Amino acid sequence: MKKKILLIGSNSSLANQLSKIIDDKHSLLKLSRKDVDVVKNFEKLKKIIYTFRPNILINCIGLTKFIDCEENPEEAYLVNALYPINLANFIRNKKITLIHFSTEAVFQDGLKKMPTEKVLPNPSTIYGNSKLLADKAISKINNSLIIRLPMLVGPTQNHQIINKILKKLRNGQKVFVSNDVYSTPISTVDFSKFFLREIIQKRSFNKKKIIHICSKKRMSTYEVIKDIVKDKKILSNITPVSEDFFKSKFQRPKKLGLKSIYKNCNRTFIYE
Ligand SMILES: NC(=O)c1ccc[n+]([C@@H]2O[C@H](COP(=O)([O-])OP(=O)(O)OC[C@H]3O[C@@H](n4cnc5c(N)ncnc54)[C@H](OP(=O)(O)O)[C@@H]3O)[C@@H](O)[C@H]2O)c1
């Protein structure tokens with residue numbers, strides 16, 4: 001059955017991939033910042049929701065770069081915490097399901113075992129902390145599902161590290177790549193198909209509050225790149241280094257990653 005879906009943050013990298021797969025199957029209304037700034041004009045968003053009356057609301061808005069959040073904590077808390085908390089309060093008791101994305105960054109850095117949905121979060125960054133505040137509020141309402149995600153790799157993830165490195169390599173440039181920053185990366189192509197089938201159509205996780213979707217294997221950024229690039233000549237342009245080599249002002253978590261208690265949420269990472 002066709003559902004009415006409101007995709008908020010439709011210019012986000014993930015939303016671009018999701019909309020490719022949802023677009024012709026459901027009645028999809030896309031909202032970008034051009035349509036409404038959700039922090040400055042939440043009232044306008046409320047009116048759009050009243051008028052469109054969606055069955056499902058997918059929230060892809062976020063201040064998602066770790067460094068942007070450290071440098072601009074106020075915006076991080078407004079976008080990643082206050083706005084989704086307001087959204088959850090607004091749709092509470094309405095016949096709308098809110099699907100919200102969270103992150104591996106809500107967990108402590110360097111955990112030996114990958115955290116499942118049962119592990120208590122303990123973020124070390126403003127990004128992780130701001131996202132966790134939203135997780136706590138959204139999980140209190142009945143009509144919501146939080147999907148925590150690891151590093152995303154895919155054709156629309158252009159502002160992310162993997163695509164930036166691949167672009168340089170394709171241009172014949174030499175690159176330095178971290179061999180000690182870990183995640184359990186997933187392909188957004190695989191994720192989008194899983195999302196449409198299991199979350200939207202079969203509603204397999206309808207009764208759950210929080211799920212993790214991740215790959216089964218923890219991989220460093222260098223290992224992800226090596227998995228994607230097969231050409232030996234291109235590979236010779238890559239030098240693996242410690243993250244400390246990049247001398248960032250802020251310390252990025254090095255060992256993240258997720259695991260799920262739900263078997264089919266533990267995916268195999270295949271670059272598509
Ligand atoms: N990417 C990852 O690897 C990853 C991993 C784990 C979880 N997640 C989560 O997945 C979700 C989507 O991530 P993403 O990487 O697709 O995000 P993204 O590409 O960084 O896009 C975020 C979007 O939010 C919009 N936005 C920010 N503030 C806004 C405001 N005040 N009003 C309206 N729009 C606003 C931005 O609009 P503009 O384009 O106009 O700036 C942008 O389109 C986020 O919740 C993120 O935390 C992502």
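None of these values were measured; they are calculated from a predicted model. All ligand and atom numbering here is 1-based and tracks the order in the structure.
For atom 17 (O) of ligand 1, the nearest non-hydrogen atom of the protein is T64 CG2, 3.4 Å. The closest protein non-hydrogen atom to atom 11 (C) of ligand 1 is F101 CB, 3.8 Å. In this structure, atom 3 (O) of ligand 1 lies nearest to the protein heavy atom Q160 OE1, 3.0 Å.
At a heavy-atom cutoff of 4.0 Å, ligand 1 is contacted by the side chain of Y127 but not by its backbone. Only backbone heavy atoms of S102 (N, CA, C or O) come within less than 4.0 Å of ligand 1; its side chain stays farther off.
Separation of atoms CG (D227) and CE (M219) is listed at 4.0 Å; rounding is to 0.5 Å.
Looking at ligand 1, you'll find an N or O of S13 within less than 3.5 Å of one of its N or O atoms. Residue-to-ligand polar distances place K131 within reach of ligand 1: an N/O pair is separated by less than 3.5 Å. Residue-to-ligand polar distances keep G9 apart from ligand 1: every N/O pair is separated by 3.5 Å or more. Residue M151 has no nitrogen or oxygen atom sitting less than 3.5 Å from a nitrogen or oxygen atom of ligand 1, judged on distance alone.
The two residues V177 and I225 come nearest to each other via the heavy atoms CG1-CG1, 4.3 Å. P84 and A134 get closest at one heavy-atom pair: CG-CB, 3.7 Å.
Short contacts between ligand 1 and V36, defined as distances under 4.0 Å to a heavy atom of the residue, involve ligand atoms 32 (N), 33 (C). Ligand 1 places these atoms under 4.0 Å from at least one heavy atom of V39: 31 (N). Under a 4.0 Å criterion applied to the non-hydrogen atoms of L14, ligand 1 contributes the atoms 16 (O). Near Q157, with a cut-off below 4.0 Å to any heavy atom, the atoms of ligand 1 are 1 (N).
In this structure, K217 forms no cation-pi arrangement with F269, as its terminal cationic atom is not both closer than 6.0 Å to the ring centre and no more than 45° off the ring axis.
In this structure, a donor-acceptor pair under 3.5 Å is absent between the side chains of T156 and N16. For Y127 and D68, the side-chain atoms include no donor-acceptor pair closer than 3.5 Å.
Checking S12, S183, P150, G128 against atom 43 (O) of ligand 1, the nearest heavy atom belongs to S12.
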Requested in this report: Could you go through the salt bridge (Lys or Arg N to Asp or Glu O under 4.0 Å) check for E223 and K226 one step at a time?
Outcome: CA-CA 5 Å; E223 286 168 326; K226 268 206 329 192; over 6 Å; no
Evaluate ring pair (Phe, Tyr, Trp, His ring centres under 6.0 Å) for F195 paired with F205, printing each intermediate quantity in order. CA-CA 10 Å; F195 182 85; F205 300 97; over 10 Å; no
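A salt bridge is defined here as a Lys NZ or Arg NE, NH1 or NH2 lying under 4.0 Å from an Asp or Glu carboxylate O, and K209 with E117 fails to meet this definition.
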